[in-house]
There are 2 protein chains.
Amino acid sequence: MPTPQVASCAFSDEHNHQRCIRTALATAERLCADRRCRLTPVRKRVLELVWQSHTPLGAYQILAQLGDEGFNSAPPTVYRALEFLQEQGLVHRIASLNAFTGCCAPDRQHHGYFLICRQCGRAHELEGQPLSQALREQAARQGFMVEAETVELTGLCPHCREPLA
Amino acid sequence: MPTPQVASCAFSDEHNHQRCIRTALATAERLCADRRCRLTPVRKRVLELVWQSHTPLGAYQILAQLGDEGFNSAPPTVYRALEFLQEQGLVHRIASLNAFTGCCAPDRQHHGYFLICRQCGRAHELEGQPLSQALREQAARQGFMVEAETVELTGLCPHCREPLA
DNA sequence: TGCAAAACTGTTATGTTATAACAGGATTGT
DNA sequence: ACAATCCTGTTATAACATAACAGTTTTGCA
Ligand SMILES: [Zn+2]
Ligand SMILES: [Zn+2]
Ligand SMILES: [Zn+2]
Ligand SMILES: [Zn+2]
C-alpha cells in the first residue's frame, strides 16, 4: 500500500486542514521510525506548528509559541529542531522569507520549489522534477555541479489575483 | 552601436577584471542618465565595491569599506544604496547568501539566476530566458502570476570540482 | 544490569542582517 | 527665490542565526 500523500494545500480553498496536519505528523512519525531517528516532543511540536500555520513561519514565531507552552524557548531550541526537520526533509526553508514551511512530500526525493504570494503570504510547493532537468542542463553547460536548488517564485496567487481581474 | 556587454565573469580565469569594473560603472552612468535618476557618489562607490569583490558582498562588508573611506557608515546608508541599485537592475540580491552582486546585463530585462559555488563562494549569473519559460508554465498551471524569481543553484564550480576528479 | 558513547536539550552570550523614524541638506523645476 | 522632491545623516531597535559549554536522556554493548 502506498504512503498517504499530503498535498501542497496552500492555495486550495476548501479542505480539512486538521487532516493535513494529522497526516503530516503521522508520515513524519513513520519516516523517523524507519530511519531510526527520533522525532522528540519539541521536534514534533515544531513540525506541528509549522503545519498549523497557513503561511511559512519564522523561527522566532515558532519560538514564541513554544514559550507559551512551557517548552524551553531560547533560539537554539527551535533552530536545532528545524535543522533536524530539514535534514529529514520534513520542512523546507524559504530563503527569500527567512521562514519555514512543511514539506508536502517528505517521503519522496525532491527539491522544494515554491510559489509565494506577496499578498496573502501563502507558499505553494511545486514538485518540480521537470524544472530540475532544465536547470541542471544550463548548469552543466557551465561545468557546474549542482548540489542544492533554491527556486522561489513570488507574485500573486489565484485568490489574490481575482479581485484585480 | 550596441551597448558594451559585461559578461558574468565569476568562473572565468584569465581576464582583466579592472576592465569589467570600469565597463560596469560606465554602463551604470549611462543607464542612470537615460532614466534621469542619480548615481550619487555613495551609490556609485557601493556599485564599484560590489564589482570589485570576486564573491557576493554582504551589506556590512560594504559598510566597513565605506567607513574606511570616510563615507558615512551606518547601515541605512548601504541598504539605501543597494535598494536603489537593485531597483535600477544594477545589482542582484542573493537570498541564500544574504549578499549582493553586480548584474552582468543591467540594460537587458531579465531575472537573475545564479550558480553559487559552496567552495570558493563565487556566483555566476545565468541569463535564463529559457528557464523563465519553464518556470512560468508550471506557475500558470496553478493560476499563479509570477512577478519575481529567485533561482539559486548551489554546488561546485568547474575550478573547485577539478581537484576532486 | 552496568557502563560508556552518542544523541539530545538547557542556557548564556553574542554575532549578523535589516529596518523604523526623524532631522537636515542638496537638487530640481518654476 | 521658493517649494517640492530627493537624498543623506543619525540613533535606535528589530529580526534572524550561531557559538560554546554544561547537563540530561537514550542507546548499544559488555
Ligand atoms: Zn518538499
Ligand atoms: Zn495570495
Ligand atoms: Zn542580472
Ligand atoms: Zn568554486
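So you know, we letter chains A, B, ... as the sequences are listed, proteins then strands, and number each from 1.
For A/Phe100, the listed nucleotide lying nearest its side chain is D/dA17; candidates were D/dA12, D/dG9, D/dA17. The side chain of A/Tyr79 has D/dT18 as its nearest neighbour among D/dA20, C/dA21, D/dT18. Closest contact between the side chain of A/Ala74 and the listed nucleotides C/dT11, C/dT17, D/dT10 involves C/dT11. Here the side chain of B/Asn72 is nearest to one of C/dT19, D/dT10, D/dA17, namely D/dT10. Comparing C/dC22, C/dT11, C/dA18 by their closest approach to the side chain of B/Pro75 singles out C/dA18. Closest to the A/Thr40 side chain, of the nucleotides C/dT9, C/dT17, D/dA17, is C/dT9.
Per the geometry, CZ belonging to B/Arg36 stands 17 Å off C1' belonging to D/dT5, to the nearest Å. For the pair B/Leu63 CG and D/dT11 P, the computed distance is 14 Å after rounding to whole Å. Counting to the nearest Å, the C1' atom of C/dT16 and the CG atom of A/Asn98 are 11 Å from each other. Distance, A/Glu83 CD to C/dT9 C1': 14 Å, rounded to whole Å. The separation between B/Arg80 atom CZ and C/dG25 atom C1' is 13 Å, rounded to whole Å. Here the C1' atom of nucleotide D/dT18 and the CG atom of A/Leu82 are 14 Å apart, to the nearest Å. Protein atom CD1 of B/Ile62 is 10 Å distant from nucleotide atom P of C/dA18, rounded to whole Å. For the pair A/Ile94 CD1 and D/dA17 P, the interatomic distance rounds to 12 Å; values are reported in whole Å.
As judged by a 4.0 angstrom heavy-atom cut-off over every strand, B/Arg38 is placed among residues touching the sugar-phosphate backbone only. Residue-level contact check: B/Arg43 touches the backbone only, with heavy atoms under 4.0 Å from sugar-phosphate atoms and none from bases.
When the side-chain hydrogen bond (donor to acceptor under 3.5 Å, both in side chains) test is applied to B/Ser53, no partner is found at least two apart in sequence or on another chain.
In this model, a donor atom of one side chain and an acceptor atom of the other lie less than 3.5 Å apart for A/Glu125 and A/His110. A/Ser96 and A/Glu152 form a side-chain donor-acceptor contact under 3.5 Å, judged by distance and modelled atom types alone.
Stacking between B/Tyr60 and the base of C/dT17 is present: ring centres sit under 5.5 Å apart and the planes differ by under 30 degrees.
Applying the side chain to side chain donor-acceptor pair (under 3.5 Å) definition to pairs two or more places apart or across chains, those involving residues 78-90 of chain B are B/Arg35-B/Gln88.
When the nearest nucleotides of DNA chain D are assigned to B/Cys37 and A/Gln61 by heavy-atom distance, the more 5′-ward of the two goes with B/Cys37.
Ring centroid separation for the pair B/His92 and B/Phe114 comes in under the 6.0 Å cut-off.
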